[in-house]
Amino acid sequence: MKMTGARILLECLKREGVDTVFGYPGGTVINLYDELFSFKDIRHILPRHEQAGVHAADGFARATGRVGVAIATSGPGATNTVTGIATAYMDSIPLVVITGQVPTALIGNDAFQEVDIIGITRPCTKHNFLVKDVKDIATIIKKAFYIARTGRPGPVLVDLPKDVQIATAEFEYPESIELRSYKPTVEGHPKQVEKAVSMLLAAKKPVIYVGGGAISGDAAGELTALATRLHIPVTTTLMGLGSFPEDDPLSLKLLGMHGTYFANMAVTNCDLLVAVGARFDDRVTGKIATFAPHAKIIHMDVDPTSIRKNVRVDLPIVGQVKEVLGRMLKSLDESGDKVAAFHAAIEPWLAEIEGWKQKHPMTYKQTSSVIKPQFVIQKLRELSAPDAIVATDVGQHQMWTAQFFGFREPRTLLSSGGLGTMGFGLPAAMGAQAAFPNRQVIAVCGDGGFQMNLQEMATLVQNRLPVKIVILNNNFLGMVRQWQELFFDKRYSQTCMELPIDFIKLAEAFGAKGFQATKSDEVEATIKKAFETPGPVIMEFKIAREEKVLPMVPAGASLNEMVLNA
Amino acid sequence: MRHTITVLVENEFGVLSRVAGLFSGRGFNIDSLSVAPTNDETISRMTIVTRGDDQILEQISKQLNKLVDVIKVIDFTEGEVIEREMALVKVTAEDAARAEVLRIADIFRAKIIDVTPKSFTVEATGTPEKIDAILELLRPLGLKELVRTGPVAIGRGAKALKG
């Protein structure tokens with residue numbers, strides 16, 4: 001059947017199983033929106049800014065594991081998507097972003113709302129496409145989804161000129177796609193996997209270090225099975241939180257710049273580090289020369305470029321971590337005696353770690369009146385549903401959430417780890433809530449990041465997305481302030497927000513509800529009231545203004561040089 | 001260390017900018033880059049000369065392989081590869097120098113492809129070292145303009161790369 005390019009696009013999305021898109025209309029996508037008007041199989045959510053639309057698609061993808069879809073018009077619409085795309089790229093989140101483009105005849109003429117979005121997004125997409133012929137739409141969309149979700153996932157942008165949307169062609173959706181130039185490795189090399197098992201069983205002080213790859217690769221089950229079977233302690237990056245239950249005694253929680261004392265000590269003293277879907281980011285390693293100085297390193301990752309990019313590796317395994325861990329488990333089934341001996345051999349190591357846990361547990365000084373942010377996070381965990389999804393912004397509140405919430409399930413923390421995008425939290429929560437209307441979704445924000453995308457309150461109210469928003473308000477850009485306090489002689493250059501905002505009235509202006517707590521003993525009641533109130537709610541907590549995120553490894557220092565009290 | 005890398009890519013719009021952008025975005029060096037379609041018109045072949053230690057070269061190969069449009073990457077090491085480069089050189093050639101330019105061209109089996117009363121344009125082909133050598137001899141005579149293609153490379157032996 002002949003149909004317009006715009007209609008073909010929608011039919012393709014439907015066949016990819018897309019039921020929700022986040023988009024913003026404009027001149028070069030008006031034909032697409034006209035088709036959408038009568039297309040009932042896709043729910044369209046209108047954010048109030050294209051950046052938020054992409055973050056919402058990203059939150060949708062992180063929470064579900066499916067490909068998130070966003071639409072924007074050409075020019076400013078397209079450039080507004082860039083921060084969202086770069087955020088998804090750094091954290092390997094599968095997205096397909098569709099942008100309108102000026103008609104093909106005008107490309108390169110500096111036409112109204114023209115921008116070379118293919119050029120602009122080349123370094124922050126996994127791949128991108130400019131569609132020049134209506135007959136290519138179906139194949140390109142098929143490729144876009146395939147590339148976005150396979151291998152190391154990532155965002156793919158499809159630029160669709162207006163005339164291509166208007167032109168007509170026969171629609172036929174390819175059943176499958178094969179790209180000679182793109183064949184991600186799935187299975188780890190069997191010999192490497194065998195070596196990994198024998199290295200593991202020979203270790204006396206092993207640690208597993210898990211990144212976001214275990215979550216995007218759906219490997220939390222295999223990881224947990226391996227760690228609990230062998231009694232190996234597990235530490236996670238920010239992106240890896242939720243891949244291993246933090247209430248398990250083997251959990252060392254977060255490592256790195258704001259990681260726990262015991263995680264950083266364990267990594268510094270281990271004799272074998274097993275990296276699972278992690279990329280040795282500078283926020284994790286600290287000073288690279290002294291990172292895990294006594295350890296042999298096994299690195300499993302689906303992306304070969306991650307291996308030996310930052311650190312030397314003794315045993316690289318390229319493959320999907322789910323497959324690799326699964327084979328290791330199978331191999332362990334045949335080495336029963338060795339496993340028992342291994343358990344005995346690592347007893348002293350587990351005792352040593354227990355000593356570090358006792359010496360410096362994750363803690364903070366509670367006060368009687370002023371609200372401590374860590375206390376709010378702990379109360380949130382206590383009072384929220386077991387399957388609650390938490391999205392964060394970037395900064396101190398993000399680290400407190402990572403340190404004190406206690407994540408137990410994959411895909412329950414949505415946070416911008418790699419790019420560190422302020423303004424991510426609220427729209428990401430919006431995307432997750434759109435995917436799971438019946439689950440509890442909480443956006444934890446600082447007062448700074450919240451103001452970067454607060455216009456999305458309107459989207460929440462309009463679409464009945466009952467996100468519960470926590471604002472830890474210290475009236476500071478807290479993380480930068482913390483650095484200024486510690487390293488710049490308390491010269492708080494441009495980090496004090498000065499103007500106190502009435503977030504309660506702000507919530508009401510959008511037709512939402514707002515509650516405020518100023519004292520410790522109001523925290524619990526405020527959270528309860530917010531959770532019981534239908535629809536989106538802002539909870540504002542006036543927190544101790546100069547509270548710091550600790551421990552802290554100063555930038556460029558070794559992991560065992562933590563500031564514990566400052 | 002100097003490496004010659006051959007990259008087979010889909011002959012598609014924007015591929016060159018993806019490859020060049022990868023090098024600039026990750027701080028890798030390009031000494032030279034040449035590109036043209038192959039026997040299979042859907043495939044283009046790039047020859048890139050770059051420098052770096054082993055870790056950087058490993059990253060360059062891996063990062064190139066990661067580009068969706070890249071079909072194959074071969075890092076040729078010394079000895080296994082034949083490299084050829086062409087240079088077109090415009091040299092001042094008056095009086096006695098005219099004969100000297102011709103002599104040098106002859107020694108290097110180069111061709112004179114354009115002649116004026118004041119200049120010769122020389123076409124030289126060979127390994128990059130040979131081109132360097134002829135340029136060194138022509139430079140004192142008055143080198144007016146130079147264009148080099150950068151090397152193209154092919155593996156030694158009967159084994160061939162598709163495309």
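Computed from a predicted model, the values in this text were never measured in an experiment. Computed over heavy atoms, backbone and side chain alike; hydrogens, waters and symmetry mates excluded.
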With a 6.0 Å cut-off (strictly less than), is the heavy-atom count around [atom1] of [X], excluding the residue itself, greater than 12?
| X | atom1 | answer |
| --- | --- | --- |
| A:Asp110 | CG | no |
| B:Lys130 | NZ | yes |
| B:Lys66 | NZ | yes |
| A:Lys183 | NZ | yes |
| B:Arg109 | CZ | no |
| B:Asp54 | CG | no |

Query raised in the report: After noting the C-alpha distance and the side-chain angles of A:Arg180 and B:Thr42, does the key distance pass the side chain to side chain donor-acceptor pair (under 3.5 Å) rule?
Result: CA-CA 12 Å; A:Arg180 65 178 168 184; B:Thr42 67; 2.9 Å; yes
What part of [X] lies closer than 4.5 angstrom to a heavy atom of chain B: side chain, backbone, both or neither?
| X | value |
| --- | --- |
| A:Lys132 | side chain |
| A:Pro304 | both |
| A:Arg312 | neither |
| A:Asn128 | both |

Validation: residues 134-148 of chain A side-chain donor-acceptor distances under 3.5 Å, sequence neighbours left out:
from, atom 1, to, atom 2, distance (Å)
A:Lys142, NZ, A:Glu175, O, 3.3

Restricting to non-hydrogen atoms, name the atom on [X] and the atom on [Y] that form the minimum distance, rounded to 0.1 Å.
| X | Y | answer |
| --- | --- | --- |
| A:Thr305 | B:Gln63 | CB-NE2, 3.5 Å |
| B:Ile71 | A:Ser181 | CG1-CB, 3.7 Å |
| A:Ile307 | B:Lys62 | O-NZ, 2.7 Å |

Review point. In terms of heavy-atom pairs under 4.5 Å with chain A, which of B:Glu58, B:Arg26, B:Gln55 leads?
Key: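 Most heavy-atom pairs within the cutoff with chain A belong to B:Glu58.
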Between B:Gly25, B:Ser61, B:Ser17, B:Gly14, who has the most heavy-atom pairs with chain A when the cutoff is under 4.5 Å?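 Among B:Gly25, B:Ser61, B:Ser17, B:Gly14, the one with the most close pairs to chain A is B:Ser17.
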With a 4.5 angstrom heavy-atom cut-off, which part of B:Val70 approaches chain A: side chain, backbone, both or neither?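 Contact with chain A involves the backbone of B:Val70 alone.
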Worksheet item: Between B:Leu67 and chain A, which part of the residue has a heavy atom less than 4.5 Å away: side chain, backbone, both or neither?
Response: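 When you check distances to chain A, only backbone atoms of B:Leu67 fall under 4.5 Å.
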Decide yes or no for B:Glu10 and A:Leu179: does some side-chain heavy atom of the first lie under 4.5 Å from some side-chain heavy atom of the second?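 When only atoms from C-beta onward are counted, A:Leu179 and B:Glu10 do not touch, as no gap falls below 4.5 Å.
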B:Leu22 versus A:Arg122: any side-chain heavy-atom pair under 4.5 Å?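 Sidechains of A:Arg122 and B:Leu22: no contact.
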